[in-house]
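Keep in mind that this is a model prediction, so the values were computed, not measured. Below, chains carry the letters A, B, ... as their sequence lines are ordered, and counting in each starts from 1.
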Amino acid sequence: MKEQLRLALLSALKQCYVDGSLTSGELPEEVQLEIPKNSDHGDFSTNLAMTLAKPEKMAPRKIAEALVAVLQGNPLCDKIEIAGPGFINFRLTATCWYDVLDQIFAQGCDYGHSTIGHGTKIQVEFVSANPTGPLHIGHGRGAVVGDAVAAVLQAAGFEVQREYYVNDAGNQVVTLGRSILLRLRELQGEKIDFPEDGYQAEYIVDLASKFRSEVGELNNLSEDEAIQSCARFGVTEILKWIEADLQKFGIKFDHWYSEKNLYDQGMVDRQLDELKQKGLSFEQDNALWLRTTAFGDDKDRVLIKSDGSYTYFASDVAYHMEKFDRGFNRVIDVWGADHHGYIPRMKAMLTGLGHPPEDLEVLLIQMVNLLRDGKPYIMGKRSGNFITLRDVIDEVGRDACRFFFLMRRCDSQLDFDLELAKQQSSDNPVYYVQYAHARVCSINRNAEEAGTKQLQPKDVDYSCLKLADELALVKQLARYPETIVGAALGYEPHRIVFYLQDLAAQFHSYYNRHRVLVDDPATTQARLCLANAVRIVLANALRLLGLSAPERM
RNA sequence: GCGCCAGUAGCUCAGUUGGAUAGAGCAACGGACUUCUAAUCCGUAGGCCGAGGGUUCGAAUCCUUCCUGGCGCGCCA
């Protein structure tokens with residue numbers, strides 16, 4: 001709809017140049033068409049005349065007049081007006097809007113999808129929490145946002161892979177192994193002094209006892225072997241929890257990528273060699289450094305420490321290069337905002353290795369402040385006192401929890417008060433949206449009980465939908481596809497949430513003002529179509545965000 | 001000290017990437033269920049868009065300087 005109008009405008013402009021009413025010959029790279037806030041200003045509005053004022057050296061309103069003279073009589077438009085400093089406002093014909101309903105019924109659950117991504121391969125890597133403990137609320141936010149971003153990109157025609165990077169190599173895994181081993185010895189009756197830097201939490205004891213019953217005791221192994229064995233066991237078990245938690249949240253990854261595997265395959269060393277060959281790394285103080293300052297970072301970064309062990313940055317370099325080797329055109333990392341300091345070094349590394357830095361997009365997820373009764377709940381893996389993501393899902397509910405995380409743009413902080421989330425559950429916005437969906441289903445049931453058979457859209461007279469409320473609703477439905485495109489290109493799934501709330505509000509309002517099932521059969525049929533078009537779009541958007549669309553509530 | 005993110009109604013936040021008179025939800029107040037589900041709707045009230053300066057036809061949005069809050073600034077992860 002918008003596109004057709006855009007084309008009409010462009011050809012009108014060309015026509016003006018041909019007939020000489022405009023002279024600059026300037027063609028804007030983009031004709032901006034927006035939906036005015038105030039519906040008195042029409043369905044669409046363009047500032048084209050204003051942007052041409054300078055090259056054309058003419059008053060905007062004069063330019064607008066020239067354009068409108070050509071556009072007058074366009075079949076799409078009911079009314080074209082010049083307003084304010086030089087806006088051109090368009091009101092489209094009702095029939096033109098009714099086409100949207102046909103599109104919705106024809107496309108069904110695909111309505112809203114587009115091909116704007118042209119199959120570009122994008123990988124979204126998210127959560128990637130260390131397998132040393134259960135997921136907490138902050139991971140939950142990253143999980144939901146990452147999942148929704150991936151879904152929205154898919155809907156916009158990108159080819160998307162969801163990946164979880166498993167940090168199963170490195171220090172924290174050794175710490176995990178040692179912690180389990182110590183608890184195991186404790187279970188065997190030894191008196192141990194649990195170190196400060198071990199993982200203190202209760203689940204370590206559970207793991208130790210599970211280890212004892214499934215694997216046995218480790219008296220024959222050396223200390224290192226025992227730690228290794230405990231670590232492997234711990235990582236496997238914890239990954240099972242994580243996967244189960246995510247599944248409970250409705251999130252499924254296409255691929256789990258092991259850091260350890262990266263080392264085992266020699267990919268880290270190969271990548272370090274390449275850096276050396278390209279002269280990007282250097283040795284100093286017995287360590288190997290990457291010269292990231294050459295590409296905008298404020299200091300150089302260590303790849304191999306002076307004790308010979310690798311930093312995380314080393315494997316991150318190899319990992320990210322490997323992503324591009326796998327054929328992704330663009331790579332998205334979803335990180336906690338506390339890692340934002342890593343972005344310059346990652347971009348520097350990419351630039352050094354010949355990738356445009358825009359190929360990596362990092363989405364920073366701001367902190368979640370977990371509260372209970374208004375009091376902050378301190379989270380820390382080592383403190384031993386935390387509420388897991390699973391606890392939250394169980395307490396608040398999956399839909400409400402997901403919705404809550406998606407309601408805000410991800411770069412603003414979020415207060416998550418458990419008591420509030422529960423208390424509000426009866427008037428939680430997610431139910432508001434779902435209720436709209438359930439209402440349409442209920443209308444359908446009533447129609448069926450009353451013996452009203454719903455006609456095929458082609459047999460329905462849409463011109464019965466002449467109320468302002470009805471046209472406004474259709475126009476809102478027409479905006480859904482572009483909402484997805486905007487959400488995808490900006491990596492902003494929250495836009496879908498706001499769209500859903502707007503659509504639900506408009507429908508609730510309409511429902512309270514007018515009956516769908518009325519005496520006149522033609523009107524009833526048309527309104528049933530409208531209501532069901534709303535239902536389809538609500539269901540599509542809810543599904544996109546991983547939320548359920550209940551048929552009754 | 002340097003960097004990143006934020007600052008919009010009493011509270012929580014949107015604001016279509018620079019457009020016309022800045023919006024919604026809670027909270028407050030007043031109304032609507034013999035009518036398709038009241039988990040709903042209608043109405044009232046609420047603003048120096050943190051502050052100053054700049055860019056232009058036009059700024060909550062862009063540039064700049066401050067102020068406030070959060071987070072980073074390791075051969076930690």
Any protein N or O atoms within reach of nucleotides 28-35 of chain B? Criterion: under 3.5 Å, listing atom names and distances.
unit_1	atom_1	unit_2	atom_2	d
B:U35	O2'	A:Arg515	NH1	2.5

Can you check whether any acceptor in the base of B:C36 is under 3.5 Å from a donor in the side chain of A:Ser442, or vice versa? no

So, OP1 or OP2 of B:U37: does either fall under 4.0 Å of a side-chain N or O from A:Asn446? yes

Using whole Å, what does the distance between atom P of nucleotide B:G18 and atom NZ of A:Lys37 come to? 13 Å

Could you label the plane-to-plane angle of the A:Trp97 and A:Phe44 rings as parallel, tilted or perpendicular, counting under 30° as parallel and over 60° as perpendicular? parallel

Plane angle bin for A:Phe416 and A:Phe404 - parallel if under 30°, tilted between 30 and 60°, otherwise perpendicular: tilted

Given B:C36, B:A6, B:G19, which nucleotide is nearest the side-chain atoms of A:Phe87? B:G19

Does A:Asp338 make a side-chain donor-acceptor contact with the base of B:A77, cut-off 3.5 Å? no

Taking atom types as they are modelled, is there a donor-acceptor pair under 3.5 Å from the base of B:A77 to the side chain of A:Thr132? no

Can a side chain N or O of A:Thr51 be found less than 4.0 Å away from OP1 or OP2 on B:G58? no

Need to verify one output field. Residue with the more 5' nearest nucleotide on RNA chain B, A:Met407 or A:Asn444? A:Met407

Below 4.0 angstrom from OP1 or OP2 of B:A39, is there any side-chain N or O of A:Tyr435? yes

Quick one: look up who B:A28 pairs with, Watson-Crick or G-U, both distances under 3.5 Å, and put none if it's unpaired. B:U44

Test for a donor-acceptor pair under 3.5 Å between the base of B:G72 and the side chain of A:His339, counting only N and O atoms. no

For B:U16, does OP1 or OP2 lie under 4.0 Å from any side-chain N or O of A:Lys2? no

B:A77 base / A:Tyr342 side chain donor-acceptor hit below 3.5 Å: yes

Looking only at atom C1', what distance separates B:A77 and B:A6, rounded to whole Å? 26 Å

Ignoring backbone atoms, establish whether A:Lys299 has a side-chain N or O less than 4.0 Å from OP1 or OP2 of B:C73. no

